[in-house]
Amino acid sequence: MVKVGIVGASGYVGGEVLRLLLSHGQVEVVSATSRQYAGEYVFKTHPNLKGVTNLQFSADDPLKVASKADVVFLTVPHGLSCKITPKLVETGVRILDMSADFRLKDPHAYEKWYGFTHPAPDLLGKFVYGLPELHRSELKGAKYVAVPGCMSTAAIVSLAPLAKAGLVEKDVIVDAKIGSSGAGGKPSLSTHFSERFGVVRVYKPVAHRHTAEIEQELNYVSGKSVQVGMTAHAVNMVRGILTTSHVMTSSKPEVAMIWKAYRGMYKDEPFVRFIMDKKGLYKYPDPKIAIGSNFADVGFEVDPYVNRIVVFGAIDNLIKGAAGNGVQSMNLMFGFDEKEGLNFPALHPV
Amino acid sequence: MVKVGIVGASGYVGGEVLRLLLSHGQVEVVSATSRQYAGEYVFKTHPNLKGVTNLQFSADDPLKVASKADVVFLTVPHGLSCKITPKLVETGVRILDMSADFRLKDPHAYEKWYGFTHPAPDLLGKFVYGLPELHRSELKGAKYVAVPGCMSTAAIVSLAPLAKAGLVEKDVIVDAKIGSSGAGGKPSLSTHFSERFGVVRVYKPVAHRHTAEIEQELNYVSGKSVQVGMTAHAVNMVRGILTTSHVMTSSKPEVAMIWKAYRGMYKDEPFVRFIMDKKGLYKYPDPKIAIGSNFADVGFEVDPYVNRIVVFGAIDNLIKGAAGNGVQSMNLMFGFDEKEGLNFPALHPV
Amino acid sequence: MKTTCEVCSGAIEVPNDAIKGEIVSCPDCGTEYEVIEVKEGGVSLKPAEEVGEDWGE
């Protein structure tokens, strides 16, 4: 059994990684750390895990965890991971970093999008972007993986086939709708129920950090430099993301060509579903039918009126948008069945 | 006191018109018709009106209502109004039509966007588009008013100043989020609570009918022909609309010019608020703080990265998006104070 | 005292007893200004630096 450690396991993402690993047949969780809750049962902060495990949070520091484990999930805030990771790399342990600190290849992008000078730019090249749909071969046997951002996952998976087929010619507008769990477990006025319920809150109208990843990956598949204008809204749900991407085309978009692009790239993808139907309630992707699963739901519609392709991506932001991508990448790292620990349907209704 | 009739008063919009008129100091509701609920107290279908009125739905046909009233609100489904209205026009009664049947000036647009040949094209020129922010002078003393669609109102009010100032050069993308009350009172599988709660449902990805009105009005203020690509999502709220419009510009957008355009057009507008702040929860328009009021909240952000202006419009879809525009237009029709019956703040929290 | 916002040319109402260093903000666009000088019947302002807010993910 592969030994796994989770550094910073008390947050929503850490808890989700723990939940998935506890039902994974090939791994054993040897340490789930939390400074704040060290010694407490994990189900104290992850009540859904009561009756599933009596594991307690450990007080191990990251290096201690590395000494016990074959692979470490680093679920610590942005800016902290890039201080811990270099020391972890020295121990030789494999790392799945859930933060943004090693997602971008270009160190200058960190100055531009995250406003800080990356302390370990030389390590950036060693991390594989943890999106199996685009980087499966590199993930096989990889040592270091940077797990993508949640909104980036929905946008990239839904747009990549078009980019690869050269159908993304101009700027792409990504209009994202996200649930509250994306903002984590720390309470504030903005998460106060009376102020958060029922909003359609524009929390990042421009310059969202995930733009950098979306551009990086769309450029990777298309070989061209694509520019993305993103606008993020917090809407009235806990889990879930829908990205609505508006791709302006120079000529009338051809449905057949678009299907060809999607089918060509995602024919055998275990976790990509085409949600396209002429009838019924779910004619296009909707987080409502993805929540609880590792599926990335993809759909599109053509608008011959203004030469536009409207592309939809729906995921559970904590699973495919975080812990699911992490476990899926880990499976590839160790040569497990890629669906191991992830092979469960969504919940409906939820 | 001006006598008012409401034809088709049992729906959400009819009920909202009734609610507003009952607190309007210059009018008296002489007939509120409903074939289905004739003879019943209005509070049977509009329970919020219990303790406010003991008015009963009447069985009057539209012509009977016209004989009793100085002005008639026609809150009947699209396609029905254009059969009733020509006969009503003959009686000389003033008409505020809440349906889409007389909003468009060009008869061919009805074939293109609504798929039917308009039975009374000659009447189209007689109806004023009921959006006071753009048509105040024409509404003064008008006899016939076509009240705008809800999403059109949010998009037009937020975009018009840019169009007027020539800042809308290319196609405009309107990414709308709307609450359930926009779909009316008739239950179906799509409004079944377990299937409707928590969705981000793409219900009209392209070719939304309101596109025709938005283009008509933006062309009216700009003198240029603007094309709109609209995508509509049903989100998890009952009242409320947020339109996020992406305006691509050929050069870097200038904040000062944009403010000048908005201030120039809306300086003294009684129901337009600029919702723009650097701090706090409500930095941009959000239906959460407009619901219950007749306000059209407007805001924007510039994206120098892809030369884009992101424009936001938030309204209560039943008030400013329907009944409120109707009553505001009626006030102008009869020379009342434009804020009469509409001068109440939004609810917060809601 | 009335003055005009540099960003959106909105009208800013500065209290008559405003003192140096006081922060006033434009009601329309939320830009904050620091009162740097108060002379009879007039006041001069300079934009206060913006403190970024972290909205989480």
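Note on naming: letters A, B, ... go to the chains in the order of the sequence lines (proteins, then strands), and numbering restarts at 1 for each one. Every heavy atom of this structure was used, including side-chain atoms; hydrogens, water molecules and symmetry mates were not.
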When you measure from the side chain of A:Asp286 to the backbone of B:Val199, do you find a donor-acceptor pair of N or O atoms at a distance under 3.5 Å?
no
Do you know which of A:Arg239, A:Lys170, A:His348 has the most heavy-atom pairs under 4.5 Å to chain B?
A:His348
Is A:Phe300 close to chain B through its backbone or its side chain, or both, or neither, when contacts mean heavy atoms under 4.5 Å?
neither
More than 12 heavy atoms of other residues, nucleotides or ligands under 6.0 Å from NZ of A:Lys260: is that the case?
no
From the list B:Pro205, B:Ser188, B:Ala207, B:Ser190, the residue making the most non-hydrogen contacts under 4.5 Å with chain A is B:Pro205
Side-chain touch A:Val235/B:His233, heavy atoms, less than 4.5 angstrom:
no
Between A:Val238 and chain B, which part of the residue has a heavy atom less than 4.5 Å away: side chain, backbone, both or neither?
neither
Is it the backbone or the side chain of A:Asp171 that comes under 4.5 Å from a heavy atom of chain B, or both, or neither?
side chain
Heavy-atom pairs under 4.5 Å with chain B: which of A:Pro285, A:Gly229, A:Pro349, A:Gly198 has the most?
A:Gly229
Select, from B:Met237, B:Met248, B:Arg201, the one with the greatest count of heavy-atom pairs under 4.5 Å involving chain A.
B:Arg201
Among the listed options A:Thr211, A:Leu242, A:Val206, A:Val302, the residue most often paired with chain B at heavy-atom distances under 4.5 Å:
A:Val206
In terms of heavy-atom proximity below 4.5 Å to chain B, should A:Lys204 be classed as side chain, backbone, both, or neither?
neither
Among the options B:Ile173, B:Val310, B:Val350, B:Asp175, pick out the one with the most heavy-atom pairs lying under 4.5 Å from chain A.
B:Asp175
At a heavy-atom separation under 4.5 Å, does A:Tyr305 approach chain B through its side chain, its backbone, both, or neither?
both
Could you tell me whether A:Tyr266 atom OH has more than 12 heavy atoms of other residues or ligands within 6.0 Å of it?
yes
By a 4.5 Å heavy-atom criterion (distance strictly below it), what part of A:Lys177 contacts chain B: side chain, backbone, both, or neither?
side chain
Under 4.5 Å heavy-atom distance to chain A, tell me which part of B:Leu189 shows up: side chain, backbone, both or neither.
both
Please step through side-chain contact (heavy atoms from CB on, under 4.5 Å) for the pair A:Phe312 and B:Thr231, ending with a clear verdict.
CA-CA 11 Å; A:Phe312 306 105; B:Thr231 300; 4.2 Å; yes
Closest-packed option against chain A by number of heavy-atom pairs under 4.5 Å, given B:Val200, B:Ile241, B:Ile291, B:Asn307:
B:Val200
So, the part of B:Pro304 with a heavy atom under 4.5 Å from chain A: the answer is neither
Short side-chain to backbone donor-acceptor contact, B:Lys288 and A:Phe197, under 3.5 Å:
yes
Measure the spacing between CG of A:Leu281 and CZ of B:Arg196 and express it to the nearest 0.5 Å.
10.5 Å
